[in-house]
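The shown structure was predicted, so the numbers you read here are calculated from the model rather than taken from an experiment.
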Amino acid sequence: MKRVVLWLVVPAVLLLLLLTANTLRLGAAAPVAADQVTAVPLDTAALAERLAGAIRIPTVSYEHAAAVDGAAFAALADYLRAQFPLVHAQLSREVVAGASLLYRWQGRNVQAAPLLLLAHLDVVPVETGTEDAWLHAPFSGAVEDGYVWGRGTLDNKSSAVGWLEAVEHLLAAGHVPEQTVYLAFGHDEEIGGDGARALAALLLARGVHADFVLDEGGAITHGVVAGLDRPVASVMTAEKGYVSFRLTARAQGGHSSMPPSRTAVGRLARAVVRLQDRPMPARLTPPIEDMLQRLAPEMALSQRVVIANRWLFEPLLLRALSRAPVTNALIRTTAAPTMFNGGIKDNVLPAEARATVNFRLLPGDSIAGVEAHLREAIADDEIAVEALPGFANEASTVSATDTAAFRLIQRSVNQVFPDAVVASGLVTGGTDARHYDSVAASRYNFLPVRLQRDDLSRIHGANERIAVEDYANLVRFYIQLLRNGDHYR
């Protein structure tokens, strides 16, 4: 009997010791950064008004527009030229693909790999019927109640104008960067990024190979990650891929009084349900494993134990992450049926019904693999499956966090936002950064703006806004990153 007890107790004790050792190896919570710099004095009211002026120019990208509104983008370019005279006097600037802008700030060391800093100038339309939901008109650029209001304040004119503010500030101080700096502002990111694609092709043709690309995508969130009291600055290291498939079911049309056992609509509905009932498998990718490793010291003991011992608890962890849409998107290629149509009248059997399903691909999954999963899940050879033409891309490569570039971004965050813990992560949407793989060694996504949970719905939604002080800190971060860039390698 004693021997049986011994055989039971000893493995349990050893397992407990192993779990404890792995948990202790996570380390303690990161202290508040001591490397904070003296706050950069800025005229926050003037910053806000210059951003507001850019918001008032409606550079909207419409999905089915025959062409961009060239007049609006030309007006924005003229506005930027007037507001940032030193930038336009000392940096080279050219218009690419009709409305995208490329700035070049010559550095002292021509041998050093340049920095490539991105933003986009276009915004999404305001959904018809939602205009009355806005407290201030979408393109008013109102500066009220401590905020700048309007479409583009978060996505993404604040970044483009903020970069120009930072460079203008440094030029006024006589600063010359160690390495050449490129500012690349696409004009149609919201509908696929042909402008960014042209900018990247131009840089590649000129032999430019940047050390890293920095674009929007992450932010400083508070109250979004459960169990964390500190804000989280998410510097994303990869981006999900994108593809949409159209499913088409065909059947004999006719009068609805004599329906077959399965109509085109019914067959298609069954296929969509089958697909949703069989999601692609969940798994942890390197960006999410790194994110969990960085956040774990800030979490409760039970969460730290699970994260530190993923070899044992990974199924439990994946199950927990699958419960909420925002975390489920981090661990699997998602399938979202977004459009369903067929039929012309309530008493007519449709001869054809169509559904569109949008997939966002995890790094490591492929468009071909997604199509194979889709066909297997619906299990109906009578339904035609075709990838929609145009906007589609594989998941991005994954950039490392043990690089000088990531440490540069992390140090700059620590200096300007000392209360935030820096983590990595995965962009679940799409950004222009995906077009620059051929001209940069690494890619990172981070917009230095504080967002509460309810702010997330403002992006592409009603009442988009940015706090005046948050925008000033965005500019301070860009200034600090450019200063730190002289010595980061």
Could you tell me whether a side-chain N or O of [X] sits under 3.5 Å from a main-chain N or O of [Y], the two making a donor and an acceptor?
{"X": "Gln276", "Y": "Val273", "result": "no"}
{"X": "Arg453", "Y": "Gly223", "result": "yes"}
{"X": "Arg151", "Y": "Arg56", "result": "no"}
{"X": "Thr59", "Y": "Leu121", "result": "yes"}
{"X": "Thr327", "Y": "Leu321", "result": "yes"}
{"X": "Arg274", "Y": "Ala377", "result": "no"}
{"X": "Asp122", "Y": "Glu189", "result": "yes"}
{"X": "Arg375", "Y": "Val385", "result": "yes"}
{"X": "Arg458", "Y": "Glu464", "result": "no"}
{"X": "Ser158", "Y": "Thr153", "result": "yes"}

- prompt: Are any of the side-chain nitrogens in Arg270 or Asp380 under 4.0 Å away from the carboxylate oxygens of its partner?
  reply: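 Counted as a salt bridge, because a side-chain N and a carboxylate O are separated by less than 4.0 Å.
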Carboxylate-amine/guanidinium contact Arg434 Glu394, below 4.0 Å | no
Measure the shortest side-chain to side-chain distance between [X] and [Y] over non-hydrogen atoms and say whether it is less than 4.5 angstrom.
{"X": "Arg332", "Y": "Thr334", "value": "yes"}
{"X": "Leu76", "Y": "Lys157", "value": "yes"}
{"X": "Val439", "Y": "Leu116", "value": "yes"}
{"X": "Val421", "Y": "Glu298", "value": "yes"}
{"X": "Val60", "Y": "Phe139", "value": "yes"}
{"X": "Phe245", "Y": "Glu371", "value": "yes"}
{"X": "Ile220", "Y": "Phe446", "value": "yes"}
{"X": "Leu228", "Y": "Met299", "value": "yes"}

Minimal heavy-atom distance between Pro287 and Ser424, with the atoms involved, is O-OG, 3.3 Å
Residue pairs meeting ring-ring contact (aromatic ring centres under 6.0 Å, His included), one or both in residues 186-210, sequence neighbours left out, come to Phe73-His187
Which pairs count as ring-ring contact (aromatic ring centres under 6.0 Å, His included) when at least one residue sits in residues 370-405, sequence neighbours excluded?
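Sorted pair list: Tyr242-Phe391.
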Side-chain donor-acceptor pair present, [X], [Y], cut-off under 3.5 Å:
{"X": "His120", "Y": "Asp155", "answer": "yes"}
{"X": "Thr401", "Y": "Asp290", "answer": "yes"}
{"X": "Gln293", "Y": "Arg310", "answer": "yes"}
{"X": "Thr333", "Y": "Asp365", "answer": "yes"}
{"X": "Arg104", "Y": "Tyr182", "answer": "yes"}
{"X": "Asn358", "Y": "Ser244", "answer": "yes"}
{"X": "Asn463", "Y": "Arg465", "answer": "no"}
{"X": "Glu239", "Y": "Thr431", "answer": "yes"}

Under the side chain to side chain donor-acceptor pair (under 3.5 Å) definition, can you give me all pairs with a residue in residues 125-138, not counting sequence neighbours?
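Of all non-adjacent pairs touching residues 125-138, none passes side chain to side chain donor-acceptor pair (under 3.5 Å).
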If you round to the nearest 0.5 Å, how far is [atom2] of [Y] from [atom1] of [X]?
{"X": "Ile378", "Y": "Leu247", "atom1": "CD1", "atom2": "CG", "answer": "5.5 Å"}
{"X": "Leu316", "Y": "Asn309", "atom1": "CG", "atom2": "CG", "answer": "11.5 Å"}
{"X": "Ile191", "Y": "Tyr62", "atom1": "CD1", "atom2": "OH", "answer": "11.0 Å"}
{"X": "Leu204", "Y": "Asp437", "atom1": "CG", "atom2": "CG", "answer": "11.5 Å"}
{"X": "Leu214", "Y": "Ile409", "atom1": "CG", "atom2": "CD1", "answer": "5.0 Å"}
{"X": "Glu216", "Y": "Asn156", "atom1": "CD", "atom2": "CG", "answer": "4.0 Å"}

With sequence neighbours left out, write down each residue that passes side-chain hydrogen bond (donor to acceptor under 3.5 Å, both in side chains) with Ser396, or none if nothing qualifies.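 For Ser396 the side-chain hydrogen bond (donor to acceptor under 3.5 Å, both in side chains) partners, ignoring immediate neighbours, are Arg443.
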(Q) Using salt bridge (charged side-chain N to carboxylate O under 4.0 Å, His left out), reason through Arg250 and Glu382 one step at a time and then give a plain yes or no. (A) CA-CA 8 Å; Arg250 296 180 176 86; Glu382 297 298 314; over 6 Å; no
*asked:* Please determine whether ring-ring contact (aromatic ring centres under 6.0 Å, His included) holds for the pair Tyr436 and Phe212, giving the CA-CA distance in whole Å, both sets of side-chain angles, and the decisive distance to 0.1 Å.
replied: CA-CA 9 Å; Tyr436 289 86; Phe212 68 93; over 10 Å; no
**OP:** From the options Asp455, Thr221, Leu474, select the one residue that forms a side-chain contact (heavy atoms from CB on, under 4.5 Å) with Val449.
**Re:**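 Result: among Asp455, Thr221, Leu474, Leu474 is the only option passing the side-chain contact (heavy atoms from CB on, under 4.5 Å) with Val449.
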Sorted by chain and number, sequence neighbours left out, ring pair (Phe, Tyr, Trp, His ring centres under 6.0 Å) with Tyr471 holds for none
Taken in chain and number order and not counting sequence neighbours, the residues that satisfy ring pair (Phe, Tyr, Trp, His ring centres under 6.0 Å) with Tyr147 are Trp149
Do Ser256 and Lys345 pass the side chain to side chain donor-acceptor pair (under 3.5 Å) test, and can you show the C-alpha distance, the side-chain angles, and the key distance before you say yes or no? CA-CA 10 Å; Ser256 65; Lys345 198 172 183 294; over 6 Å; no
- Task: Any chance you could lay out the side-chain contact (heavy atoms from CB on, under 4.5 Å) test for His222 and Arg230, step after step, and finish with the verdict?
- Result: CA-CA 7 Å; His222 200 180; Arg230 288 175 61 183; over 6 Å; no
Heavy-atom neighbours of [X] [atom1] exceed 12 at 6.0 Å:
{"X": "Asp229", "atom1": "CG", "answer": "no"}
{"X": "Glu386", "atom1": "CD", "answer": "yes"}
{"X": "Asp454", "atom1": "CG", "answer": "yes"}

One pair to check against side-chain contact (heavy atoms from CB on, under 4.5 Å): Asn445 and Val235. What are the steps and the verdict? CA-CA 6 Å; Asn445 296 82; Val235 182; over 6 Å; no
### Step-by-step side-chain contact (heavy atoms from CB on, under 4.5 Å) determination, Leu317 to Leu292
CA-CA 11 Å; Leu317 181 59; Leu292 293 171; 3.8 Å; yes
- Can you say whether the rings of Phe477 and Phe417 are parallel (under 30°), tilted (30 to 60°) or perpendicular (over 60°)? tilted
_Show, in sequence, the C-alpha distance, side-chain angles and deciding distance for Asn328 and Arg323, and conclude whether the side-chain contact (heavy atoms from CB on, under 4.5 Å) test is met._
CA-CA 7 Å; Asn328 182 59; Arg323 290 181 185 139; over 6 Å; no
